[in-house]
Colleague: 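Handing you a structure now.
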Amino acid sequence: ILNVEQSPQSLHVQEGDSTNFTCSFPSSNFYALHWYRWETAKSPEALFVMTLNGDEKKKGRISATLNTKEGYSYLYIKGSQPEDSATYLCAFSILKYIFGTGTRLKVLA
Amino acid sequence: GAVVSQHPSRVICKSGTSVKIECRSLDFQATTMFWYRQFPKQSLMLMATSNEGSKATYEQGVEKDKFLINHASLTLSTLTVTSAHPEDSSFYICSARDHRETNEKLFFGSGTQLSVL
């Protein structure tokens, strides 16, 4: 059974703090790792799709790294803002998409 | 980016009734759509893969006669929960890939919260 684990489950940070979350996935037969941001009452929105070991992607204050050999990806948010409050999901795709339970981030003003 | 519209966003129904949820790709053609279900504090669980013009592929443990999927056009897939029971109460969400994009990211609807009384 393929399993994707995310930690922490939830996180409260102060505005301006930097933070990071972890996504662990099976390291064998890797195809792609996705990160999504899901705000309450909205649709999940794709942040990154990563395919290469050592890959690092950046979108504004958010960046992600990928280690396919050891089966983990980190998502970093620099200088968190209240609008960053959301659930961050990762998904491992190999024929189908397997999601983690997400990290719920709350940024306090 | 591509937009996926899902309706209704919330539905409350009596036990034994059927509920239809629609998922539309608004600005792209989706040959494949995915239906997920999420229980509180759990991950999105794939229920089935909906293929335009052919039968859906159901995941193990998902009753195809209970959860009817129709993907009659390139922009519309529907999920019908037949003879709904309280244990079917859950959050249902659809997604699709825009095949114009090469990175296979998913575009999601906003989900449907189903409550069966």
Side-chain angles (χ1 to χ4, degrees), chain A residues 1-11 21-26 30-52 55 57-60 62 64 66 73 75 86-105, chain B residues 1-10 21-28 30 32-51 56-62 90-113:
Chain A
I1 297 175
L2 299 175
N3 204 31
V4 175
E5 303 278 348
Q6 287 189 249
S7 63
Q9 251 188 352
S10 65
L11 190 57
F21 334 126
T22 305
C23 173
S24 301
F25 54 86
F30 178 82
Y31 183 71
L33 191 284
H34 304 237
W35 280 101
Y36 291 87
R37 171 193 154 89
W38 193 359
E39 291 182 73
T40 303
K42 293 187 178 179
S43 306
E45 176 191 353
L47 288 173
F48 306 112
V49 180
M50 308 175 79
T51 56
L52 299 174
D55 213 0
K57 296 209 171 182
K58 190 174 180 184
K59 187 176 183 178
I62 304 176
L66 179 67
S73 175
L75 186 81
T87 295
Y88 291 83
L89 293 175
C90 71
F92 171 78
S93 67
I94 176 167
L95 299 179
K96 58 186 179 183
Y97 300 79
I98 300 167
F99 283 84
T101 51
T103 293
R104 286 180 294 282
L105 173 68
Chain B
V3 178
V4 174
S5 174
Q6 183 173 343
H7 292 283
S9 57
R10 180 177 292 274
I21 303 169
E22 289 190 350
C23 183
R24 291 182 187 272
S25 56
L26 296 187
D27 51 358
F28 68 101
T32 304
M33 288 189 176
F34 303 94
W35 287 96
Y36 292 86
R37 179 175 184 175
Q38 186 184 38
F39 290 108
K41 297 190 177 180
Q42 294 189 21
S43 58
L44 296 176
M45 296 298 297
L46 181 65
M47 298 175 67
T49 301
S50 166
N51 302 297
T57 304
Y58 289 83
E59 294 300 301
Q60 194 173 11
V62 177
S90 187
F91 182 79
Y92 295 87
I93 190 166
C94 66
S95 69
R97 281 201 300 254
D98 182 352
H99 289 283
R100 296 171 300 182
E101 299 208 14
T102 57
N103 59 15
E104 299 201 346
K105 64 183 175 184
L106 294 176
F107 296 93
F108 283 86
S110 52
T112 298
Q113 184 66 53

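Excluded from the calculations below are hydrogen atoms, water molecules and symmetry mates; all remaining heavy atoms, backbone and side chain alike, are included. Below, read A as the first sequence line, B as the second, and so on, with proteins coming before strands; counting in each chain starts at 1.
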Colleague: What part of A/Ile98 lies closer than 4.5 angstrom to a heavy atom of chain B: side chain, backbone, both or neither?
Modeller: neither
Colleague: Which of the residues A/Gln9, A/Gln6, A/Arg104, A/Lys96 is involved in the greatest number of heavy-atom pairs with chain B at under 4.5 angstrom?
Modeller: A/Lys96
Colleague: So which heavy atom on A/Pro44 is nearest to which on B/Gly109, and how close?
Modeller: CD-O, 3.8 Å
Colleague: Just distance, no hydrogens or angles: give the donor-acceptor pairs under 3.5 Å from side chains in residues 35-46 of chain B, sequence neighbours left out.
Modeller:
{"unit_1": "B/Trp35", "atom_1": "NE1", "unit_2": "B/Ser77", "atom_2": "OG", "d": "3.0"}
{"unit_1": "B/Arg37", "atom_1": "NH2", "unit_2": "B/Glu87", "atom_2": "O", "d": "3.0"}
{"unit_1": "B/Gln38", "atom_1": "NE2", "unit_2": "B/Gln42", "atom_2": "O", "d": "3.0"}

Colleague: At a 4.5 Å cut-off on heavy atoms, which part of B/Arg10 comes close to chain A: side chain, backbone, both, or neither?
Modeller: neither
Colleague: For A/Tyr36 and B/Leu106, work out which heavy atoms get closest and say how close.
Modeller: OH-N, 2.9 Å
Colleague: Given a strict heavy-atom distance threshold of 4.5 Å, which part of B/Glu59 is in contact with chain A: side chain, backbone, both, or neither?
Modeller: side chain
